[in-house]
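Step one of this worksheet: look at the structure below.
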Amino acid sequence: MNETTRDASTVRIFIALAPPDDAKDELARALGPAYAAYPDMRWNRIEDWHITLAFLGELPAGSVPGLRPPLAELAAERGPVRLALGGGGHFDERVLWSGIEGDLDELHLLATDVRALVKECGIDFPDRPLRPHLTLARARRGDAASVVEAAGGLAGFRGRGWAAARLHLVGSNFGRGPGPIRYRDIESWGFGGAG
């Protein structure tokens, strides 16, 4: 099934953490020179910045409700994960990202548990290794320099620490029309003690 033939009976799903607004604002300020220097890059909206724990891909919409109770229970049993945004890099000179620092062992453990839970719910998905990052932008075709240069500009960035307080079940409109990808929370749950 290609991107243009998907319909409303399916939804593209992932499970993620989101930095708090002030941490995102701090990174956005650091990106100011890159925004000005590379306006033709496809910049992700700040409100869509997230750290993917498990990318489930295109699922039947009817499979989503079954994920809610076990994800809520998992979140309630865990404490917040201490993280920070720092540095920058790129994938294949096409995707610009900010790195994730902090309690990476706990982050990896959370991702492992989330992925195991999804499989227990009977959902098969591509189980790629976790490479903690926050995707910021994509280069346009034929532009191999902008992402590399923008990543270099983030090399010295170190954001303040913060607690990832909620687990998010997110859907996207990928392939559902013109324009950039947009994400929306289907639901989110506070980690135990995080509200």
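Fair warning: this is a prediction, and the values are worked out from it, not measured in the lab. For the numbers below, each heavy atom of this structure counts, side chains included, while hydrogens, waters and symmetry mates do not. One-based numbering along the sequence shown.
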Exercise for the section: Return the set of residues passing salt bridge (Lys or Arg N to Asp or Glu O under 4.0 Å) with Asp185 (not counting sequence neighbours), or none when no residue passes. Expected result: none
Handout entry: Arg166 (side chain) donor-acceptor with Ser188 (main chain) under 3.5 angstrom
Key = yes
Problem - For Arg68, side-chain hydrogen bond (donor to acceptor under 3.5 Å, both in side chains) partners two or more places apart - result: Glu187
Side-chain polar contacts of residues 34-41 - donor-acceptor pairs under 3.5 angstrom, sequence neighbours left out - could you list them?
{"from": "Tyr38", "atom 1": "OH", "to": "Glu149", "atom 2": "OE1", "distance (Å)": "2.9"}

Handout entry: Of all pairs that satisfy salt bridge (Lys or Arg N to Asp or Glu O under 4.0 Å), the ones with a partner from residues 82-97, not counting sequence neighbours
Key = none
Fill in the blank from the handout: What one should report as the nearest heavy-atom pair of Val114 and Leu167 is CG2-CD1, 4.3 Å
Handout entry: Connected hydrophobic set around Phe91, excluding itself, where side chains approach under 4.5 Å
Key = Val95, Trp97
Completion exercise
Pro132 and Ile100 have their tightest heavy-atom pair at C-CG1, 3.6 Å
Practice task
Could you walk me through whether Glu47 and Lys24 pass salt bridge (Lys or Arg N to Asp or Glu O under 4.0 Å), step by step?
Solution key: CA-CA 8 Å; Glu47 57 267 34; Lys24 292 189 285 189; over 6 Å; no
Exercise for the section: Indicate the atoms forming the closest heavy-atom contact of Leu134 with Pro19, along with that distance. Expected result: CD1-CG, 3.9 Å
Fill in the blank from the handout: For residues 46-80, the ring-ring contact (aromatic ring centres under 6.0 Å, His included) pairs (sequence neighbours left out) are Phe14-His50, His50-Tyr183
Exercise for the section: Could you tell me whether the side chain of Arg115 and the main chain of Leu53 form a donor-acceptor pair under 3.5 Å? Expected result: yes
Practice task
Salt-bridge test for Arg45 and Asp48: reply yes if a basic N is under 4.0 Å from a carboxylate O, no otherwise.
Solution key: yes
